[in-house]
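Since this is a predicted model, take the numbers as computed values, not measurements. Residue numbers begin at 1 in each chain, while the letters A, B, ... track the order of the sequences.
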Amino acid sequence: MISTIGGQRVSGRIVETEAYVGPHDPACHAFGDRRTERTRCLYGPPGIAYVYFTYGMHWCLNAVTCREGYPAAVLIRALEPLDGLPVMRRRRGDVPDTELCAGPGRLCEALGITGKWNGVPLQRGPLRIVRSGGGGAGKIRVVRTPRIGVTAARDWPLRYVVAQTRWASRPSRRLSVAR
DNA sequence: ACGCAGATTTTCT
DNA sequence: GAAAATCTGCGTT
């Protein structure tokens, strides 16, 4: 994905995501069909950003999926930094490369994402998610684990991590193979 | 390398 | 008023 927020181009390859699926997912913000100001974009058309604030200091980016009216989204949890590492470091501080975008709050800070970008389209504009550019997508192995920081529905593993990547928010040791 | 607690504020009960 | 889709720093092993 690519961010040109603030006139600075930075990009990275998505290596870790989590799914939050509908009003019957106990971990979903819209569990129990909660239509509130915060979850408004979750119910919107697919392909837009759902950005929320949590733990008093962190922003998290989701891509809204499924159909309009059905609250579902994919949380972007980690990126392999590709372009604009100096810009990321300026925003994140002088941390090791592996910690620049490893975690939903971290990657939002590295990309300059705040609540201001809630509801923007992700196909065009300053925040874009594009198909992997020739990086051998389709050949990669993806593993599946329980979602992080989620106590509800631990038996419903909806976290997806590129196998053996060093860029995830935590190591993916021995895990079941997805898909 | 690992575990724990503190930070900090939005959102909803 | 409590909990939260987290991160960091500091303590101990």
Side-chain angles (χ1 to χ4, degrees), chain A residues 1 3 10 12 14-44 46-66 70-81 85 87-120 122 127 129 142-162 164-175 178:
Chain A
M1 69 175 302
S3 163
V10 303
I14 297 171
V15 297
E16 178 182 355
T17 63
E18 282 174 2
Y20 290 86
V21 188
H24 303 295
D25 177 355
C28 184
H29 285 164
F31 178 56
D33 203 19
R34 275 179 163 48
R35 288 171 184 267
T36 66
E37 176 52 28
R38 181 173 67 153
T39 61
R40 186 166 42 84
C41 287
L42 256 185
Y43 286 87
I48 63 175
Y50 168 48
V51 181
Y52 70 91
F53 188 75
T54 193
Y55 289 107
M57 53 184 80
H58 300 296
W59 294 99
C60 296
L61 170 70
N62 293 251
V64 176
T65 59
C66 294
Y70 185 84
V74 172
L75 171 68
I76 313 299
R77 282 197 58 91
L79 305 178
E80 170 186 345
L85 273 70
V87 175
M88 293 183 183
R89 232 174 262 119
R90 199 177 315 141
R91 290 169 172 158
R92 289 267 307 119
D94 190 17
V95 300
D97 288 357
T98 49
E99 292 175 23
L100 280 174
C101 299
R106 288 168 171 174
L107 78 87
C108 278
E109 189 172 32
L111 269 53
I113 299 169
T114 65
K116 178 178 166 189
W117 306 99
N118 190 33
V120 299
L122 293 169
L127 266 185
I129 296 180
V142 175
V143 296
R144 187 198 221 211
T145 82
R147 292 171 288 189
I148 305 292
V150 169
T151 50
R154 277 205 81 74
D155 53 334
W156 195 17
L158 291 179
R159 171 174 175 250
Y160 296 89
V161 192
V162 172
Q164 294 171 326
T165 181
R166 45 186 294 248
W167 305 103
S169 65
R170 55 187 67 190
S172 56
R173 288 184 258 278
R174 49 180 69 226
L175 306 157

Nearest-Å distance for atom pair [atom1]/[atom2], residues [X] and [N]:
X         : N      : atom1 : atom2 : result
Leu100(A) : dC7(C) : CG    : P     : 13 Å
Glu18(A)  : dT6(C) : CD    : P     : 7 Å
Glu99(A)  : dT8(C) : CD    : C1'   : 10 Å
Arg170(A) : dC7(C) : CZ    : P     : 9 Å
Arg106(A) : dC7(C) : CZ    : P     : 6 Å
Glu16(A)  : dA5(C) : CD    : P     : 16 Å
Leu107(A) : dC7(C) : CG    : P     : 8 Å

Has [X] got a side-chain N or O lying under 4.0 Å from the OP1 or OP2 atom of [N]?
X         : N       : answer
Arg34(A)  : dT11(B) : no
His29(A)  : dT11(B) : no
Arg92(A)  : dT8(C)  : yes
Arg159(A) : dA5(C)  : no

Whom does dC4(B) pair with, Watson-Crick or G-U wobble, provided both distances fall under 3.5 Å?
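When the pairing criteria are applied, dG9(C) turns out to be the nucleotide that pairs with dC4(B).
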
Would you say the side chain of [Y] lies within less than 4.5 Å of the side chain of [X], judging by non-hydrogen atoms?
X         : Y         : result
Thr39(A)  : Phe31(A)  : no
Asp25(A)  : Trp156(A) : yes
Leu107(A) : Met88(A)  : no
Arg106(A) : Val95(A)  : no

Of the nucleotides dC7(C), dA5(C), dT13(B), which has the atom closest to the Pro104(A) side chain?
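It is dC7(C).
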
Just checking Arg38(A): base, sugar-phosphate only, or nothing, at a heavy-atom cut-off of under 4.0 Å?
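Contact class for Arg38(A): sugar-phosphate only.
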
Exercise: identify the closest heavy-atom pair between Ala72(A) and Val21(A)
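Smallest interatomic distance, heavy atoms only, reads CB-CA, 4.1 Å.
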
Whether Glu109(A) and Arg91(A) form a salt bridge (side-chain N of Lys/Arg under 4.0 Å from carboxylate O of Asp/Glu) is what I want to check.
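Salt bridge flag = no for Glu109(A) with Arg91(A).
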
What integer number of Å spans the P atoms of dA5(B) and dA3(C)?
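My reading of the P atoms in dA5(B) and dA3(C) gives 16 Å.
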
Listed in order of residue number, which residues of residues 49-64 of chain A have a non-hydrogen atom at under 4.0 Å from DNA chain B?
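Only Phe53(A), Tyr55(A), Gly56(A), Met57(A) qualify.
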
Apply side chain to side chain contact (heavy atoms under 4.5 Å, CB included) to the pair Leu61(A) and Met1(A), showing each step before the final yes or no.
CA-CA 12 Å; Leu61(A) 170 70; Met1(A) 69 175 302; 3.7 Å; yes

